[in-house]
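Presented below is the structure to which this report refers.
Heavy atoms only: backbone and side chains are in, while hydrogens, waters and symmetry mates are out.
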Amino acid sequence: MDPNDSAQTTGEATGTVVGRRKAARYIVPVAVAGVAAATIGLVPALANSGDPDLPKISAQELIEKIAASDEEQLSGTFKISTDLGLPLDGLAGSFVPGGKGGDKDGGAAAPQDKLMELTSGTHTLRVAADGPERQKLSILGDASEYSLIHNQGEVWAYDSKSDEVYHAEAPEGRDGGGHAEKAPKLPKGAPATPKDFAEQALAAAGDTTSVTVDGTAQVAGRDAYQLLIKPKQSGSTIGSVRIAVDAENGVPLKFTLSAASGGKAVVDAGFTKVDFSQPAASTFSFTPPKGAKVTEADELETGKDEHGAAQKALPGQLAELDGFEGLNVIGKGWTSIAEIKTPGGKGLPAAGSDEVPAEAQGFLDALGDKVTGKFGSGTVFKTRLVNALLTDDGSVYVGAVTKDALVRAADAAAK
């Protein structure tokens, strides 16, 4: 087959996919198909023998199947296990507004606080969706449940353990039919379903990435193909990303992110039960229980810094780094490293100084490794996935790469 013909065919297929998209928030961006066309061979990859026995399919075709999926309705149960190798328990309160249940930030039911719990440990969740205006996510505890509900322009969150409620409305108001003119965005910072994970992984596909079909599986009683994504470059902390894709409708059913160092998966998220029929309308209805404390989002006060300016959550602060004049990206693909020059060229305060509380110093010492090189000296802070080098002169090098890769990047920048 002529490669140009392949490219033309892929372009036509992508155009068809665009026309079939019904709910952008539920399907992988069509651009993924175009990326795959440039990076993945069109030779079909046979699924390994075993159960289920599905027709052969190429990685290109499987990614297009995901992009073409137009499922808007589902309900089910899935489990998420996350092991970053980082003692996150208790840290959410330090880095996220409202941590430790701060009333000014929504109390115990504040979504930005509760969803941070999904970044550590194992959790069982129930999920339901009915188009772009109705979604529900529940985190099941031993004797409690936390639910986050979006229903036609309103967002409700309820924590049964504390009996607290958080409520927000879309500022745009409602149209003549009582529907939200613009659905509010749910809080960012934590994944909701395996599809969310899959979208992030597929967006990274490029000439630094190997994408293949690696056998079949059964997930939540449904036949699935397994899409395997692996870095071609050495030096990445990411070993592989495996996505189980529903053979019938193209919906990602399970996502597994493995570290290059081996061991337990860094992230393992998959449905244990799933149904693609329309959930009952009552699923998305919510009335605050009698006696529950209700916090309205528009009543919350923002924190102020020493100059009286409103403080932003850490994710918002990090987002501002985009376009920051001190930011430089070294390399590309899975081994790209962000180099950040801190204002004033100041590194970590000395151990025992008044600038670092004893508790914080202990945390830093537990994570950090002292390193030296042409750049001078510094400390590498480690997780199983993302590592960061902070040099004594205040430069920061961070990426999903090994400690040695960070040191080499700092040495190269020092030349």
Exercise for the section: Please work out which of the three classes, parallel, tilted or perpendicular, describes the rings of Phe286 and Tyr158, given edges at 30° and 60°. Expected result: tilted

Quick one: closest heavy-atom pair of [X] and [Y], and the distance?
X      : Y      : value
Glu145 : Ser138 : OE2-OG, 3.4 Å
Ala224 : Leu54  : O-CD1, 3.8 Å
Pro231 : Gly239 : CD-O, 3.4 Å
Glu72  : Pro132 : OE1-CD, 4.4 Å
Leu406 : Gly399 : CD2-N, 4.3 Å
Lys65  : Asp246 : CE-O, 3.9 Å

Exercise for the section: Identify, with sequence neighbours excluded, every residue that meets salt bridge (Lys or Arg N to Asp or Glu O under 4.0 Å) alongside Lys403. Expected result: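 Only Asp369 meet the salt bridge (Lys or Arg N to Asp or Glu O under 4.0 Å) criterion with Lys403.
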
Handout entry: salt bridge (Lys or Arg N to Asp or Glu O under 4.0 Å) involving Lys332 - partner list, sequence neighbours excluded
Key =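 Checked Lys332 against salt bridge (Lys or Arg N to Asp or Glu O under 4.0 Å); matches are Asp207.
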
Exercise for the section: Might you work through the side-chain hydrogen bond (donor to acceptor under 3.5 Å, both in side chains) test for Asp223 and Gln218, ending with a clear yes or no? Expected result: CA-CA 5 Å; Asp223 293 347; Gln218 272 220 336; 2.8 Å; yes

Quick one: does [X]'s side chain have a donor or acceptor within less than 3.5 Å of a partner on [Y]'s backbone?
X      : Y      : answer
Glu61  : Ser58  : yes
Arg384 : Ile238 : no
Ser69  : Ile66  : no
Ser120 : Glu117 : no
Thr237 : Thr402 : no

Separation of [Y] [atom2] from [X] [atom1] (nearest 0.5 Å):
X      : Y      : atom1 : atom2 : value
Thr216 : Ile57  : OG1   : CD1   : 12.0 Å
Gln135 : His150 : CD    : NE2   : 5.5 Å
Gln152 : Glu133 : CD    : CD    : 5.0 Å
Trp156 : Ile149 : CH2   : CD1   : 9.5 Å
Ile229 : Ser210 : CD1   : OG    : 9.5 Å
Ser144 : Asp163 : OG    : CG    : 12.0 Å

Practice task
Start with the C-alpha distance between Gln226 and Val213, add both sets of side-chain angles, then the distance that settles side chain to side chain contact (heavy atoms under 4.5 Å, CB included), and finish with yes or no.
Solution key: CA-CA 6 Å; Gln226 298 200 75; Val213 177; 6.0 Å; no

Handout entry: side-chain hydrogen bond (donor to acceptor under 3.5 Å, both in side chains) partner of Arg242, the single match among Asp268, Asp214, Thr256
Key = Asp214

Handout entry: salt bridge (charged side-chain N to carboxylate O under 4.0 Å, His left out) pairs, two or more places apart, involving residues 277-289
Key =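 Applying salt bridge (charged side-chain N to carboxylate O under 4.0 Å, His left out) to every pair that reaches into residues 277-289, excluding sequence neighbours, yields nothing.
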
Quick one: are [X] and [Y] in side-chain contact, heavy atoms under 4.5 Å?
X      : Y      : answer
Ile337 : Val401 : yes
Leu257 : Leu385 : yes
Ser75  : Val127 : no
Leu389 : Val396 : no
Tyr225 : Ile243 : no
Asp83  : Val266 : no
Val267 : Phe255 : yes
Lys79  : Thr122 : yes

Exercise for the section: Decide yes or no on side chain to side chain contact (heavy atoms under 4.5 Å, CB included) for Ile139 and Leu148, but give the supporting numbers first. Expected result: CA-CA 9 Å; Ile139 305 173; Leu148 179 60; over 6 Å; no

Handout entry: Asn387 vs Val398, side chain to side chain contact (heavy atoms under 4.5 Å, CB included): CA-CA, chis, key distance, verdict
Key = CA-CA 6 Å; Asn387 295 323; Val398 61; over 6 Å; no

Please enumerate all residues that pass ring pair (Phe, Tyr, Trp, His ring centres under 6.0 Å) together with [X], with sequence neighbours excluded.
X      : answer
Tyr146 : none
Phe375 : none
His123 : none

Practice task
For side-chain hydrogen bond (donor to acceptor under 3.5 Å, both in side chains), just list the numbers for Asp275 and Ser277, CA-CA rounded to whole Å, side-chain angles, deciding distance to a tenth of an Å, and then say yes or no.
Solution key: CA-CA 6 Å; Asp275 183 349; Ser277 59; 2.8 Å; yes

Practice task
Determine, step by step, whether Asp392 and Ser377 satisfy the side-chain hydrogen bond (donor to acceptor under 3.5 Å, both in side chains) criterion, reporting the C-alpha distance in whole Å, the side-chain angles of both residues, the deciding distance to 0.1 Å, and the verdict.
Solution key: CA-CA 6 Å; Asp392 290 345; Ser377 59; 2.3 Å; yes

Exercise for the section: Determine whether the side chains of Lys341 and Ser395 contain a donor N or O and an acceptor N or O closer than 3.5 Å. Expected result: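 Ser395 and Lys341 do have a side-chain donor-acceptor pair below 3.5 Å.
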
Exercise for the section: Check the pair Phe78 / Leu253 against side chain to side chain contact (heavy atoms under 4.5 Å, CB included), numbers first and verdict last. Expected result: CA-CA 9 Å; Phe78 65 94; Leu253 300 175; over 6 Å; no

Practice task
Under the side-chain hydrogen bond (donor to acceptor under 3.5 Å, both in side chains) rule, what do Thr379 and Lys370 come out as? Steps first, then yes or no, please.
Solution key: CA-CA 5 Å; Thr379 304; Lys370 296 296 183 182; 3.1 Å; yes

